[in-house]
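This report concerns only the one structure given below.
Order of the sequence lines fixes the chain letters, A, B, ..., with proteins taken first and strands second; residue numbering starts at 1 for each chain. Source: prediction; values computed, not measured.
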2 protein chains.
Amino acid sequence: MADTKKRIIESAIKIFNEDLSAPLQKVADNAEVTRRTLHRYFKDRNELVEVCKQAIESSCKKAMIAAIQSSDEPIIQLERMLYAGIDCGAKYSVFYKLHQSKDHKHTHQNKNCVDYDYIYNQFQGIIIELQKKGRVSPAMSPEWIQVLHSGIIESTVHARETTTKSFKEIKELAWTSYIKAIAT
Amino acid sequence: MADTKKRIIESAIKIFNEDLSAPLQKVADNAEVTRRTLHRYFKDRNELVEVCKQAIESSCKKAMIAAIQSSDEPIIQLERMLYAGIDCGAKYSVFYKLHQSKDHKHTHQNKNCVDYDYIYNQFQGIIIELQKKGRVSPAMSPEWIQVLHSGIIESTVHARETTTKSFKEIKELAWTSYIKAIAT
DNA sequence: ATTAAATGTCACACATTTGAGAAATATTTA
DNA sequence: TAAATATTTCTCAAATGTGTGACATTTAAT
């Protein structure tokens, strides 16, 4: 089944996110599959990690682009990008770090990077426009807002795991905090 | 030298923070020591991890308590707690997660937990007082502010690694964003 | 310069993880 | 039901990681 492959990838993302060197057995267990089966779908650990990265990037990108295109009001776009980020968030962290650091060479040959740049530029554009409109403080650089954005997402994901509040409530708190933080 | 031990711990914290199951060889390499030497200081992997946890907790706690005691103005206390958190931040993440989840039993027998509770309560107290004074929005629960606090810290640490701004600038941006986010 | 302590080198036994073959079993599809 | 496909089970060899002993080398202190 193509379903098995997907399940393995999902499991791998979950497990590796907690422990990048976790034994493949754990991934297999989580996917309720034999390690042998896992190896039929993925040549080796590297390949699996690589596929996870791509899966995440691709699904996050889609969500982000959808958020951007869902409106032409920058403030709405920003809000939806935050929510999209939160929804991807649980999967995000470790692989996100991999993208930043390590061996990753950011190049325009790389399709993923092109999309990444597209989203990054859109984000910057949204912020700059909101600054022009006087809704976002000019003291906050787009770069800072970018990392703040990620930080709020991480907080939200974390809050979801630890507090008793509903996911919806937390998301609203996140957006309120975020927009107030960067407002004029 | 006692210096070696410290270097190994610092390296372990750095490496394990990226990959909790990383081979000890990596830690040794990073500390510029042989694996053999590492084993002279630490019986086994477990012991090393345990020592790392304690080292972090202890140094963070000290910084936090110092921040709290450095003033009796809650707003100043909060600001200094944020800065203290940022300074600990780089070491924080993985071990922080370990504290929350896994096998950790939160108990009052445990000295660390007592201190943790103390800090947590102080933090809550500060927030509640600021809410009474009308400086912090009552819509924001102390629990949310707690995770937001961590999120801002993570952002700041992250920003430091990626942007060109000075650390001081980033810290100020962090505090400004934070206080605006939770303000009335 | 001599000693003591710290670190490195090499070698080893042992455990875990990895990747794959072969045959049995289960599941899907026609 | 029969054939095709996917998965499991069992097995094994290779690779990697772990902890330690014996001895050589470096470093610091007297």
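Applying the side chain to side chain donor-acceptor pair (under 3.5 Å) rule to A/Lys171 yields the partners A/Asp87; only residues at least two apart in sequence or on another chain are considered. A/His149 is linked by a ring pair (Phe, Tyr, Trp, His ring centres under 6.0 Å) to A/Phe123, A/Tyr178, counting only residues two or more places apart in sequence or in another chain. For B/Thr164, there are no side chain to side chain contact (heavy atoms under 4.5 Å, CB included) partners two or more places apart in sequence or in a different chain. Listed by chain and number, the residues in a side chain to side chain contact (heavy atoms under 4.5 Å, CB included) with B/Glu143 are A/Thr163, A/Lys165, B/Tyr120, B/Gln124, B/Ser141 (sequence neighbours excluded). In this structure, the side chain to side chain contact (heavy atoms under 4.5 Å, CB included) partners of A/Glu73, at least two apart in sequence or on a different chain, are A/Ser71, A/Ile75, A/Ile76, A/Lys133. Every residue two or more places apart in sequence or in another chain was checked for a salt bridge (Lys or Arg N to Asp or Glu O under 4.0 Å) with B/Glu47, and none qualifies.
As a whole-Å value, the separation of A/Lys26 NZ from C/dT16 P is 14 Å. A/Leu20 places its CG atom 15 Å from the P atom of C/dT17, with the value rounded to the nearest Å. Separating the CD atom of B/Glu32 from the C1' atom of D/dT26 is a distance of 16 Å, rounded to the nearest angstrom. One can place NZ of B/Lys5 at 11 Å from P of C/dT7, the figure rounded to the nearest angstrom. Residue A/Arg45 contributes atom CZ, which lies 12 Å from atom C1' of D/dT16 at whole-angstrom precision.
Residues B/Lys132 and B/Glu129 are not paired through a salt bridge, judged by the lack of any N-O separation under 4.0 Å between the basic side chain and the carboxylate.
Sorted by first and then second residue, the salt bridge (charged side-chain N to carboxylate O under 4.0 Å, His left out) pairs involving residues 172-184 of chain A (not counting sequence neighbours) are A/Lys168-A/Glu172.
Overall bending of the helix from C/dA1-D/dT30 to C/dA30-D/dT1, expressed as the angle between end axes built from five pairs apiece, is 40° (10° steps).
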Sub-3.5 Å pairs of nitrogen or oxygen atoms, protein against nucleotides 20-24 of chain D:
residue : atom : partner : partner atom : Å
D/dT20  : OP2  : B/Lys43 : O            : 3.4
D/dG21  : N7   : B/Arg36 : NE           : 3.4
D/dG21  : N7   : B/Arg36 : NH2          : 3.1
D/dG21  : O6   : B/Arg36 : NE           : 3.0

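The listed nucleotides are C/dA6, C/dT18, C/dG8; the one nearest the side chain of B/Thr4 is C/dA6.
For the OP1/OP2 pair of C/dA6 and a distance below 4.0 Å, the side-chain nitrogens and oxygens of B/Tyr41 include no atom meeting the criterion.
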